[in-house]
Amino acid sequence: MRAQPQASHFIDGAYVEDAAGTPFESVYPATGEVIARLHAATDAVIEAAVAAAKRGQEEWAAKSGAERGRILRRAAAIMRERNRELSELETLDTGKPLSETLVADAASGADCLEYFGALAADIKGDYIDLGGSFAYTRREPLGICAGIGAWNYPIQIASWKAAPALACGNAMIFKPSDITPLSALKLAEILLEAGVPAGVFNVVQGLGEVGAALARHPAIAKVSVTGSVATGARVMETAASTTKHVTLELGGKSPILVFADADLDAAASGALLGNFYSTGQICSNGTRVFVERSVREAFVAKLVQRTKAIRLGDPLDEATHLGPLVSRAQYERVLAYMKIGREEGATLAVGGSACRPQGLADGLFVEPTIFTDVSDDMRIAREEIFGPVMCVFDFEDEAEAIARANDTEMGLAAGVYTRDIQRGHRVVAKLQAGTCWINAYNLTPVEMPFGGVKRSGLGRENGRAALEHYSQLKSVYVEMGRSEAPY
Ligand code: NDP
């Protein structure tokens, strides 16, 4: 087995196995090879993780923010030193090409640990003058937080949840997607090595029911999930029974608006990366590309020409642009949407089929695909496909483009390409999306809060905003006179 971990779970600073848990496998989607065999967490494993987290959190929260920050920054440095090793593991687990994982996965996790490590010393409350007496607020940890990850950015998601949680003095129990279980265990090793006490960051494996057990557990104060809209709603419902804090990073059907005055080559770059990076398996992808009618033909020609130059193939070859889809279920789902698009009457401008790069006959590869002549009511225009399928629409004027861009129940992200600076800001102000870009797409620096509106989610990851979602405020009134009562 090419990537077999020492054991399935990481609890209280050590690898833990419980062979009574349901067995499952991690598969390299470029070849179909099984790279690791693991067991889902049993109730006993979950209880051990909760007990360890309880002990670990008390020790961790007793340290100063400055000390916690130093340790998190040390973890960031270790992660950077191991970037290649972590990237190769992530490529095997997800099928994403090494050209991406080397720059976007552990690297983003390290940025996040460094950023929240830097902020940890500055987590503080306010002083409120009451004219004699006064009050102050303390920003305190929540306790034990559960993190539940999706399969598209495993170590990034684990780091985006762990870093702010730990900076605030919480402990975390993280459940990766069962499709990509491996890299979170490496994050646990790195945090321990950097000096995070045993029990502060634990990994338990399993499918949705393990996530649900965490969302239900009375000793857990918060749950943060990255996943589909349906899963997010279920987690929120489960978490309600114990009134947990909830952060939901969910799906999208995000628009990119390209105005006639835009730099069309730059806009094409944004649309291509915003649809085909990670083989289209990115929640914030701009899968609905609205182009002003007068430049539509020229813009589509650029997209098609550049799409034909995309290199699909062996993800471990650094020259490869596009790897396979992550799993057979995802592969079948994406191919089904390609068929639906054709049946609905959209024009297939490029792609549209499965493909077999040389030497990878069992890989789950599909061609990067662009549909034009898409109408707003088609299923390919309304439903999240989560694969390399771009839909292109045209529009006549700004108001129409905004109204159609907003005509979705989701609201994760949106992009605007224009050289008119006033238009850029005016349009963004009207777009119903939690994260917007002007003349860029899908850039998520850790300094910038990230999250959705409408059904795409609740709460924010990254930026200072994330600290508010991993802490709670205590107000303290201090009487400088005497307490008095009329009776
Ligand atoms: P899922 O919603 O299927 O799963 C997400 C995670 O939740 C997995 O770990 C899953 O376990 C777990 N889970 C499933 N059911 C429950 C439950 N009832 N209670 C608790 N946990 C549960 O998403 P995918 O992993 O398939 O990821 C793809 C989706 O994630 C896309 O829709 C995408 O848009 C969204 N996404 C959103 C992002 C964002 O930041 N907004 C980023 C990345 C992806 P398991 O799968 O192991 O059974």
Side-chain angles (χ1 to χ4, degrees), residues 8 21-22 24-26 38 40-41 46 93-94 96 104-105 108 112 146-161 173-182 184 203-217 220 223-241 244 246-254 277-287 325-331 333-334 337 383-387 408 410-413 433-435 442 444 449-462 466:
S8 300
T22 312
F24 66 96
E25 297 168 339
S26 171
L38 297 97
I46 294 171
D93 217 8
T94 62
K96 295 197 292 179
D105 292 81
S108 157
C112 191
I148 302 176
W151 41 257
N152 58 344
Y153 276 85
I155 199 166
Q156 183 192 82
I157 292 171
S159 306
W160 281 20
K161 296 188 191 307
I173 303 174
F174 187 79
K175 187 203 87 68
S177 163
D178 67 291
I179 297 171
T180 55
L182 302 177
V203 178
V204 298
Q205 305 286 356
L207 284 81
E209 63 217 32
V210 173
L214 297 175
R216 200 181 302 120
H217 202 292
I220 294 178
V223 58
S224 171
V225 64
T226 298
S228 60
V229 171
T231 298
R234 271 198 296 276
V235 167
M236 196 171 171
E237 208 177 332
T238 308
S241 64
K244 284 185 181 34
V246 174
T247 294
L248 306 176
E249 294 291 354
L250 310 178
K253 193 74 191 176
S254 301
Y277 205 70
S278 293
T279 318
Q281 303 165 114
I282 300 185
C283 50
S284 50
N285 269 356
T287 47
L325 290 162
V326 76
S327 65
R328 183 151 297 276
Q330 197 61 17
Y331 172 76
R333 173 187 162 92
V334 172
Y337 272 108
E383 297 171 17
E384 187 180 44
I385 300 173
F386 226 57
T408 163
M410 294 189 261
L412 187 55
T435 308
N442 255 359
T444 52
F450 178 81
V453 300
K454 294 158 81 177
R455 298 203 67 197
S456 290
L458 279 182
R460 290 294 175 268
E461 299 200 297
N462 288 346

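We count ligands from 1, going down the list as the structure has it; atoms in each ligand are counted the same way. Quick caveat: nothing in here was measured; it's all calculated off a predicted structure.
The cationic atom of K96 (NZ for Lys, CZ for Arg) lies less than 6.0 Å from the six-membered ring centre of Y153 and within 45° of the ring axis.
The closest protein non-hydrogen atom to atom 28 (C) of ligand 1 is F386 CE2, 3.7 Å. The nearest heavy-atom contact from the protein to atom 9 (O) of ligand 1 is G149 O, 2.7 Å. At the top of the distance list for atom 43 (C) of ligand 1, counting protein heavy atoms only, stands N152 ND2, 3.0 Å. For atom 10 (C) of ligand 1, the nearest protein heavy atom (residue, atom name, distance) is K175 NZ, 4.0 Å. If you check which protein heavy atom lies closest to atom 47 (O) of ligand 1, you get D178 OD1, 2.5 Å. Counting protein heavy atoms only, atom 18 (N) of ligand 1 is closest to R234 NE, 3.7 Å. At the top of the distance list for atom 25 (O) of ligand 1, counting protein heavy atoms only, stands W151 CD1, 3.0 Å. Scanning the protein heavy atoms around atom 34 (O) of ligand 1, the nearest turns out to be E384 OE2, 2.7 Å.
Distances from atom 2 (O) of ligand 1 to the heavy atoms of T231, V225, V229 put T231 nearest. In this structure, of A150, G227, A213, the residue bringing a heavy atom nearest to atom 35 (C) of ligand 1 is G227.
The pair E383-K253 fails the salt-bridge criterion, with no side-chain N (NZ, NE, NH1 or NH2) lying under 4.0 Å from an Asp/Glu carboxylate O.
Note on ligand 1: G206 sits in its first shell, one or more heavy atoms being nearer than 4.0 Å. Y153 does not count as a contact of ligand 1, since none of its heavy atoms falls under 4.0 Å from the ligand. Ligand 1 has S177 within reach: a non-hydrogen atom of the residue lies less than 4.0 Å from it.
Note: K244 NZ to T238 OG1 = 9.0 Å, rounded to the nearest 0.5 Å.
Within ligand 1, counting atoms from 1 as listed, the ones closer than 4.0 Å to a heavy atom of G211 are 19 (N), 20 (C), 21 (N).
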Please evaluate residues S108 and Q156 with respect to the criterion side chain to side chain donor-acceptor pair (under 3.5 Å), reporting the C-alpha separation (whole Å), side-chain torsions for both, the decisive distance (0.1 Å), and the verdict.
CA-CA 6 Å; S108 157; Q156 183 192 82; 3.0 Å; yes

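The N/O atoms of G252, backbone and side chain alike, include none that comes under 3.5 Å of an N/O atom in ligand 1.
Of the heavy atoms in L250, only backbone atoms (N, CA, C, O) come closer than 4.0 Å to ligand 1.
Between T408 and K454, the side chains place no donor N or O within less than 3.5 Å of an acceptor N or O (distance only, hydrogens not considered).
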